[in-house]
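The block underneath contains the structure these notes are about, expressed in structure tokens.
Lettering follows sequence order; numbering is per chain, from 1.
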Amino acid sequence: MWPFAAGTNSLRWVPSLSPFVAASAAIAARAVPVAAGLEIIVGVAAMLRRRVFCRWVCPTGSCLEGANWLGCRLKRNPGRWPSMGRWIVLLTLGGTCLGYPFLLWLDPLALLAGVFTTFGLAAVFALTILWPGAWCGRICPLGAFQDLLHAGFAPVRSLFVAKRDGNAEAGLSRRVVLGAAVGAGSAGILCFAQRNDTPAIRPPNARTGPHFLGLCTRCGNCARVCPTGVIEHDVGGHGPASLLTPVLSFRNGYCREDCTRCTEVCPSGAIRLLRVQDKAHVRIGLPRVDEEICLLSDDRECSECARWCPYGAIRYVFSETLYCLTVQIDPQKCNGCGACEAACPTKPRKAIVVLPA
Amino acid sequence: MNGPMNRRDCLKVLGLSGLATGLGSSRSQAQNVGESSGFQSSVLASHKVQSGWANATLVNGKVIQPQRELTILDSTDVLVVGGGPAGVVAAIAAQRAGANVTLVERYGHLGGLWTGGLVLLVLGHIVQGGKQVCQGIGEEIMGRLDKLDGAIIDRRSGVNPTVDAEAVKYVMVEMIEEAGVKTFLHCWGVDAIVNDNAVQGVVFESKSGRQAILAKIVIDATGDGDVFASAGAEFEHRSHNVGLVYRIGNLDRIDKDKAGDSPAPKRIGAHTPVPGVNWVNLRGPEVDGLDVATLTRMEMSHRKYIWSHIQKTRQTPGYEQVYLMETAPQLGVRITRVLQGLSTVSLDDLKAGTKFPDVVGVGGSESGNHGPWQIPYGALVPTKVENVLAAGRCISAEIRMADLVRLIPNCFVTGHAAGAAAAVAVQDGRRPRDVDVAKVQKILTEQGAYLG
Ligand SMILES: Cc1cc2nc3c(=O)[nH]c(=O)nc-3n(C[C@H](O)[C@H](O)[C@H](O)COP(=O)(O)OP(=O)(O)OC[C@H]3O[C@@H](n4cnc5c(N)ncnc54)[C@H](O)[C@@H]3O)c2cc1C
């Protein structure tokens, strides 16, 4: 049942429908993503007719119908909420320009498919019961983005369609400038604060550094489809701008040689599509050995890292001077999948650890 | 006197008798063969020349060994060559399953690398979650060690125990005798006896000379595949680390005050059932463990290293009393020949947790860090030659699995399986490849083995 259709790819298509996500991605990547077909259709539709997507397609909106109905039955007042959606959009897109898409995760489709699936969606539900219509009408950035598209497109549209809207939003341009400037400014500060933070290990074929931070919607699709559970949400280990982005941890598993799922479900292209046959050549990180705690330095009977390396990149070489075996990693063969780290039996610290490349 | 006397023998006899006459003593000559001299030593045969002896000769620069008939030392159902963890368990299993078993071992003790190699730590009886997969006769050995004083430590669930080598040697003799296995020590298997592609027995070299033992089924538990290789089976010849294990003493006399906060010296080993004594592993370089010149070089090089390493340890404040107790009598050869079997133990099967219909055992890992992996019967059966089974570290296994296959408990498991299968093959008069595996599994289960 759409949008919950089985198969991992459906996860990608949900946020991929959002022109808001697409616009942010296009700004961050400084390019229009090739796979942007659907968002463009939705975007064009929004230009032609006011909020068509909300009315006919939005799965989150459909889910909220029930909450709306309940709220009305309970005689809840819609309440007087300021129109925040637009500010969210502007702030986010402005932030994206300088590398941090502030509130992109509030996109209802990312929310539906995303990290906050249980928590975020529940919050939106509760909000809608208490104040029916507040989310869709006042907060939802995707709705607001459509409004902006619609308004911005008014002069063109008037050539084709009989004028019905009256005057297009006044002061729109001023707001655009202001919102985007605030977004860009704070993103700039964030990225400045970020500059010395430890780099993170990202999913395979992810874009690097600020590019990645700007593109990632924090939707959590990648983490959800990962069969080994090595993709985790950054909870502050890599600076404020990296919050909730996917980071890899190989303590209990590794990035499998036969899997490219996360690259297939990323809606924004923060993780680019990867073919299984290319995976061996795409660097995720590079392991480093702590000779002090490696069991080989104590002549123990261990061959875990070499055994589990899917690429045969690890050899044990006898050192005549130390008179023991040492771990030798062939960086040509290794892609940093973390199988060695996952297999390393030393506790509490692992003797072999993958570091960002 | 048997056979013609050659010139050397003649001179020897003349010289000796001359010496005897020269001393003017006729008493020794008066003593009859076999009669006690009342001294610590008696004459068993005098003026003897080795019977049936046919020397190798140099022909045109080539050494030629002439054809000759060999004494048949024994004739049996199942012959187990190699008395290591795998061989001992195989022999007991087959004998208990009703076959007549003969076990031969080149050294003077049982236990193989476990005892003679001083590899005292038993790794790999458990899997993820701490479940113990090595059961059956292997576990029985461990259970017997439990009952002896000072024979084994760390026998707690989920922990790898450490044994005392002498206790293991003792327990193995006890169990082999109880089972009724006929045993020949100091007996080095050198040649398989093969007719029509089927092994009929093995030729041995010992102080008794070159002799043969005939058998219906031979189990190759030499660790190096000596028997299946000479029988013409397909195998892979691999290099691996060759080391030398040693024990050090007086660790209970380390002066902690003197040692202070300075870091403890490395490679001080792990504890053993003997208080104050550690066993120290040595991995060594990756070399060919079948090349005699290499083995010699390894022995000498390791000995020099071990001595200097202990001297260095003794120079560490607080460690002055630590000393080198002994080096292992047996060089630590890990992997040499590995059988090409009907099936092969593989890492992919371990990862996938593959279940085999012909499962004859379940393997564990060093520290219980992987799941259980089934061992198919086919991994013990050669692709080509008949009537021989492999057991222990030389069974058919992919290179990445070799380090798991060769762990002591996993050698118990494959030894147990080979023993049971050999007994079934003898009973049913079948070739090992045609054995009814269900029967083997039934015997294994009855003997307490765990098959998953
Ligand atoms: C240095 C070192 C450290 C190790 N550390 C560990 C460890 O910590 N934990 C662990 O579980 N395992 C360890 N292992 C592995 C384990 O000790 C061996 O793999 C295991 O003992 C193999 O058992 P086996 O019966 O197959 O062979 P072996 O133990 O090698 O026994 C083979 C027997 O056959 C005899 N033999 C060989 N050739 C002939 C012949 N031609 N004729 C007659 N007899 C013959 C040998 O003398 C020997 O007694 C270690 C191995 C080494 C070398």
Side-chain angles (χ1 to χ4, degrees), chain A residues 227-228 230 250-259 289-328 333 337-352, chain B residues 113 117 119-124 128 160 239-246 263-270 278-287 298 301-302 304-306 308-309 312 332 334-335 346-348 350-351 365-370 398-408:
Chain A
T228 51
V230 294
F250 301 122
R251 286 204 72 79
N252 302 312
Y254 74 105
C255 185
R256 266 167 48 173
E257 65 278 22
D258 58 352
C259 170
V289 182
D290 183 343
E291 302 280 3
E292 273 303 302
I293 57 171
C294 174
L295 296 182
L296 291 183
S297 73
D298 206 25
D299 253 332
R300 300 266 297 277
E301 223 46 38
C302 181
S303 53
E304 289 295 288
C305 54
R307 178 181 310 138
W308 290 93
C309 175
Y311 308 104
I314 299 182
R315 279 196 74 80
Y316 302 140
V317 178
F318 185 75
S319 151
E320 287 287 346
T321 39
L322 301 171
Y323 218 80
C324 70
L325 298 180
T326 53
V327 178
Q328 218 105 112
K333 289 184 183 166
C337 74
C340 50
E341 181 177 338
C344 180
T346 61
K347 282 178 195 147
R349 215 150 51 79
K350 302 243 180 191
I352 187 163
Chain B
L113 286 168
V119 175
L120 304 181
L121 178 66
V122 180
L123 293 172
Q128 228 157 33
N160 298 311
S239 59
H240 207 301
N241 309 119
V242 171
L244 184 63
V245 180
Y246 51 103
K266 275 229 158 184
R267 280 176 256 177
I268 202 87
N278 273 13
W279 77 283
V280 193
N281 196 26
L282 201 166
R283 293 288 292 258
E286 183 191 319
V287 293
M298 287 298 104
S301 164
H302 291 343
K304 285 191 290 186
Y305 159 75
I306 292 167
S308 70
H309 169 64
K312 235 179 262 160
R334 289 172 174 83
I335 292 286
S346 79
L347 186 68
D348 283 343
L350 182 151
K351 281 190 197 168
S365 57
E366 283 97 336
S367 38
N369 38 355
H370 330 131
E398 206 176 66
I399 211 155
R400 288 183 190 207
M401 284 303 283
D403 282 342
L404 284 182
V405 163
R406 69 186 181 85
L407 296 175
I408 293 161

Heavy atoms only, distances under 4.5 angstrom: which of B:L407, B:V280, B:N281 has the most pairs with chain A? Name it, please. B:N281
Which heavy atom of A:S303 sits nearest to which heavy atom of B:D403, and what is that distance? OG-OD2, 2.8 Å
Distance-minimising heavy-atom pair for B:N369 and A:A343: ND2-O, 4.4 Å
Given 3.5 Å as the limit, does a donor-acceptor pair link the side chain of [X] with the main chain of [Y], or not?
| X | Y | result |
| --- | --- | --- |
| B:K266 | A:D299 | no |
| A:D298 | B:R267 | yes |
| B:R400 | A:W308 | no |

Tell me, side chain or backbone of [X] under 4.5 Å from chain A's heavy atoms, or both, or neither?
| X | value |
| --- | --- |
| B:L350 | side chain |
| B:S365 | neither |
| B:L347 | side chain |

Please determine if A:R307 and B:E398 form a salt bridge, counting it only when a charged side-chain N lies under 4.0 Å from a carboxylate O. no
Could you walk me through whether A:R300 and B:E366 satisfy the side chain to side chain contact (heavy atoms under 4.5 Å, CB included) test, starting with their C-alpha distance in whole Å, then the side-chain angles of each, then the deciding distance to 0.1 Å, before giving a yes or no? CA-CA 11 Å; A:R300 300 266 297 277; B:E366 283 97 336; over 6 Å; no
A:C344, part contacting chain B, at a heavy-atom distance under 4.5 Å: neither
Considering only heavy atoms, which portion of A:S297 lies under 4.5 Å from any heavy atom of chain B: side chain, backbone, both, or neither? both
Please work out whether the ring planes of B:H302 and A:Y323 are parallel, tilted or perpendicular, with thresholds of 30° and 60°. perpendicular
Please say whether more than 12 non-hydrogen atoms of neighbouring residues, nucleotides or ligands are located less than 6.0 Å from CD in A:E291. yes
Under the salt bridge (Lys or Arg N to Asp or Glu O under 4.0 Å) rule, what do A:E301 and B:R406 come out as? Steps first, then yes or no, please. CA-CA 11 Å; A:E301 223 46 38; B:R406 69 186 181 85; 2.6 Å; yes
Side chains of B:R283 and A:C324, heavy atoms from C-beta outward: is any pair under 4.5 Å? no
If you apply the rule salt bridge (Lys or Arg N to Asp or Glu O under 4.0 Å), what do you find for A:E257 with B:K351, and how did you get there? CA-CA 13 Å; A:E257 65 278 22; B:K351 281 190 197 168; 3.8 Å; yes
